[in-house]
Structure formats: C-alpha cells, structure tokens
Colleague: 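Encoded as structure tokens, here's the structure I'll be asking about.
Just so we're on the same page: letters track the sequence lines, and every chain starts at 1. As the structure is a computational prediction, the values presented were derived from the model and not from experiment.
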Number of protein chains: 2
Amino acid sequence: MGITKTQIFTEQQNDLAQFFKVLGHPARVAILQYISNQNACICNDLVEEIGLAQATISQHLKELKSIGLLIGEVEGKSMCYCINVNRWVELQNQLNAFFNKTKSNCC
Amino acid sequence: MGITKTQIFTEQQNDLAQFFKVLGHPARVAILQYISNQNACICNDLVEEIGLAQATISQHLKELKSIGLLIGEVEGKSMCYCINVNRWVELQNQLNAFFNKTKSNCC
DNA sequence: TTATTATATTGCAATATTACGATATTAAAA
DNA sequence: TTTTAATATCGTAATATTGCAATATAATAA
C-alpha cells in the first residue's frame with residue numbers, strides 16, 4: 001500500500017513527524033548549515049557548495065520553505081535565502097517539548 | 001535516480017539526518033509517546049493502541065531500535081520495549097547543538 | 001531586442017518507504 | 001507433545017522520494 005495512514009494519528013503527531021522528515025535528509029541539513037555559516041544571505045553558491053544538480057537543490061529548498069524554515073527574497077536575477085529565525089526557535093522549542101515530555105519511567 | 005548521495009556529505013550530517021528521518025513518521029512519534037506514557041515497560045498493546053498491523057508495528061520498532069532509542073527485553077513470550085534514556089538525552093543534546101549552531105545572521 | 005544568467009518546474013528513471021498477509025520462530029500453557 | 005500467543009521476518013503491492021536533464025520563467029546585460 002505504501003501510504004502513511006495520517007488519519008489515525010493526531011495533528012500534533014503528524015506535524016511533528018513532518019518537521020522531522022524534512023530535516024531527515026543530509027542535503028537539507030547541509031543547506032541549513034551552509035546558510036548559517038555565511039554572514040550574509042547566500043544564494044546559489046549552494047549548487048557548487050553541496051554538489052547536487054541545480055534542480056535538486058531547488059527541490060530541497062522548496063521543502064525547507066514548506067515548513068517555514070527558509071525565507072527567499074528576490075535579489076536581481078538571483079534569490080537570497082535565509083533562515084527564518086522566529087520559526088527556527090519555534091521549532092526548536094516544539095521539539096524540546098516533545099523530548100522532555102517523552103521521558104521513560106521504566107527499565 | 002533515487003539514491004541519496006551520502007558520500008558527498010559529512011558523517012555528522014548523515015547521522016543527524018538519519019536520526020531526524022527515523023523520527024519523521026507519525027507512527028514512530030506515536031509509539032514513543034505511548035511508551036513514555038506508561039509507568040512500566042509496555043509490550044504490544046501497541047498494535048491495538050496505534051491501529052496498524054502487527055507486522056508494520058514490528059517494522060517501526062526495528063527502526064527505532066536501529067538508532068538506539070528503544071531497548072527490547074524478552075519477557076516470557078512477549079517483548080518489553082522501553083526508551084533508552086541515555087541515548088534519548090544524547091540525541092536531544094546533539095539536536096540542540098545543531099539548532100544552536102545553525103543560527104542566521106542575515107535578513 | 002537578443003543574449004545571458006539564475007532559479008523554478010516538469011517529466012522520468014532508480015530507489016526507498018509504508019503497509020500488510022503469510023509464514024517463521026519462540027516460549028509458555030494445556 | 002500439541003496448542004496457543006506474541007513477535008519477527010519475508011514477499012509483495014502501492015506509493016513516495018531522490019536526482020537529473022530538459023525546459024520554462026524572469027531579470028539584467030549587451
């Protein structure tokens with residue numbers, strides 16, 4: 001069948017999982033790290049930097065945008081991507097809430 | 001082509017992504033939450049609780065074990081799964097390190 | 001206007017994931 | 001020993017993801 005049965009889970013569970021899923025690819029981790037290492041917004045040095053085709057990078061950027069982690073701004077004929085710090089902190093908090101709540105009492 | 005090009009990323013990036021990936025499914029989030037809500041180690045009430053086939057649950061448990069988050073102990077003819085608290089905290093720290101390091105200076 | 005350059009989108013092939021029925025496997029119970 | 005119950009593994013169908021070439025789009029440069 002292959003379809004994730006989202007209907008049987010809570011919205012919170014689906015959202016959390018979706019967020020983890022987007023971060024669950026090394027290219028997307030690398031993109032976030034690279035953007036954060038630049039002092040200014042970078043554009044698509046990413047293609048050269050990461051070593052994947054332009055179409056592939058564009059796709060990964062789209063997924064990062066889909067959970068609100070990246071903001072893209074048009075700058076002439078190129079795009080300036082940067083991290084959405086508010087969303088970033090929000091997700092980190094959400095994630096820590098999950099980790100802290102999910103504590104085991106057994107074994 | 002469909003293969004993730006792990007060779008072009010660092011081990012740290014691959015490990016982090018792998019960890020996120022495993023948590024990136026609502027069933028696995030739900031499993032962890034359910035286990036943590038029980039005062040004692042639970043076994044496979046999970047099948048009834050979550051609403052997926054036994055084979056599917058078993059598969060998800062295997063993935064959670066693969067990153068060290070779960071420990072399984074034989075208990076008669078059933079299995080007692082519980083969260084590996086040390087690993088849990090370790091992953092939470094790793095994750096926070098990633099979030100804290102990856103801070104944007106731009107926009 | 002016609003390049004040129006940067007990025008996004010489309011279409012597709014290769015591979016991975018999800019889910020489940022069927023079938024082991026293992027341990028207690030009868 | 002045979003049955004029963006709990007879990008794991010195998011095989012497979014449906015779907016999703018990854019990656020790229022080709023193409024579209026949009027903005028500046030010539």
Colleague: Figure out the CD/P separation between B:E75 and D:dT7, and round it to whole Å.
Modeller: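 Those two atoms, CD and P, are 10 Å apart.
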Colleague: Which parts of nucleotides 21-30 of chain C does protein reach within less than 4.0 Å, heavy atoms only, written one letter per nucleotide 5' to 3' as B for base, S for sugar-phosphate only and - for none?
Modeller: B-----SS--
Colleague: Any idea which of C:dA19, D:dG19, C:dT9 is nearest the B:Q59 side chain?
Modeller: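 Nucleotide nearest to B:Q59's side chain: C:dA19.
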Colleague: Rounded to whole Å, please give me the gap between CD in A:Q7 and C1' in C:dA19.
Modeller: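 In whole Å, C:dA19 C1' lies 12 Å from A:Q7 CD.
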Colleague: How close or far is atom C1' of C:dC20 from atom CG of B:L46, stated in whole angstroms?
Modeller: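 My rounded result for the distance is 17 Å.
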Colleague: With respect to the side chain of A:E63, which nucleotide from D:dT18, C:dC20, C:dT18 is positioned closest?
Modeller: D:dT18
Colleague: Suppose the criterion is salt bridge (charged side-chain N to carboxylate O under 4.0 Å, His left out): which pairs have a residue in residues 7-22 of chain B, not counting sequence neighbours?
Modeller: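 Listed by first then second residue: nothing to list.
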Colleague: Using atom CD1 of A:I50 as one end and atom P of C:dT7 as the other, report the distance to the nearest whole Å.
Modeller: 14 Å
Colleague: Can you see if the side chain of A:Y81 gets near the phosphate of C:dA6 - specifically, an N or O under 4.0 Å from OP1 or OP2?
Modeller: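 No.
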Colleague: How many whole angstroms separate atom CG of A:L64 from atom P of C:dT7?
Modeller: 16 Å
Colleague: Between D:dC10 atom P and B:K62 atom NZ, what is the distance in whole Å?
Modeller: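 Checked: the NZ to P distance equals 7 Å.
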Colleague: List the residues meeting side chain to side chain donor-acceptor pair (under 3.5 Å) with A:Q92, not counting sequence neighbours, and say none if there are none.
Modeller: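 Side chain to side chain donor-acceptor pair (under 3.5 Å) list for A:Q92, sorted by chain: B:N96, B:N100.
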Colleague: Around atom CD of B:E48, are there more than 12 heavy atoms of other residues, nucleotides or ligands at under 6.0 Å?
Modeller: no
Colleague: For B:Q33, which residues count as a side chain to side chain contact (heavy atoms under 4.5 Å, CB included) partner, sequence neighbours excluded?
Modeller: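 For B:Q33, the residues satisfying side chain to side chain contact (heavy atoms under 4.5 Å, CB included) (neighbours in sequence not counted) are A:Q12, A:Q13, A:F98, A:T102, B:V29.
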Colleague: Who are the side chain to side chain donor-acceptor pair (under 3.5 Å) partners of A:Q59, not counting sequence neighbours?
Modeller: none
Colleague: Applying a 4.0 Å non-hydrogen cut-off, can you work out what B:L52 is touching in the nucleic acid: base, sugar-phosphate, or nothing?
Modeller: sugar-phosphate
Colleague: Quick one: which of D:dG19, D:dA8, C:dC20 gets closest to the side chain of B:S58?
Modeller: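 That would be D:dA8.
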Colleague: Of the listed nucleotides (D:dT15, C:dT7, D:dA8), which one gets closest to any side-chain atom of B:L61?
Modeller: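 Of all the options, the side chain of B:L61 is nearest to D:dA8.
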Colleague: Nearest whole angstrom, please: distance from the P of C:dC20 to the CD1 of B:I57.
Modeller: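 Between P of C:dC20 and CD1 of B:I57: 9 Å.
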Colleague: Going by heavy atoms closer than 4.0 Å, what residues in residues 8-31 of chain A are next to DNA chain C?
Modeller: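 Nothing qualifies; none.
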Colleague: Starting at atom CD1 of B:I3, determine the distance to atom C1' of D:dA16, rounded to an integer number of angstrom.
Modeller: 16 Å
Colleague: Show which side-chain atoms of residues 61-71 of chain A pair as donor or acceptor with protein atoms under 3.5 Å away, not counting sequence neighbours.
Modeller:
unit_1: A:E63; atom_1: OE2; unit_2: A:R28; atom_2: NH1; d: 3.1
unit_1: A:K65; atom_1: NZ; unit_2: A:Y81; atom_2: OH; d: 2.9
unit_1: A:S66; atom_1: OG; unit_2: A:E63; atom_2: O; d: 2.6

Colleague: Which residues satisfy the side chain to side chain contact (heavy atoms under 4.5 Å, CB included) test with A:S58, sequence neighbours excluded?
Modeller: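 Listed in chain order: A:Q54.
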Colleague: Assign the ring pair B:H25 / A:F9 to parallel, tilted or perpendicular, where the plane angle (0 to 90°) is split at 30° and 60°.
Modeller: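 Perpendicular, since the angle between the ring planes exceeds 60°.
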Colleague: Taking ring-ring contact (aromatic ring centres under 6.0 Å, His included) as the definition, give me every residue that meets it alongside B:F99, ordered by chain and number, with sequence neighbours left out.
Modeller: A:W88
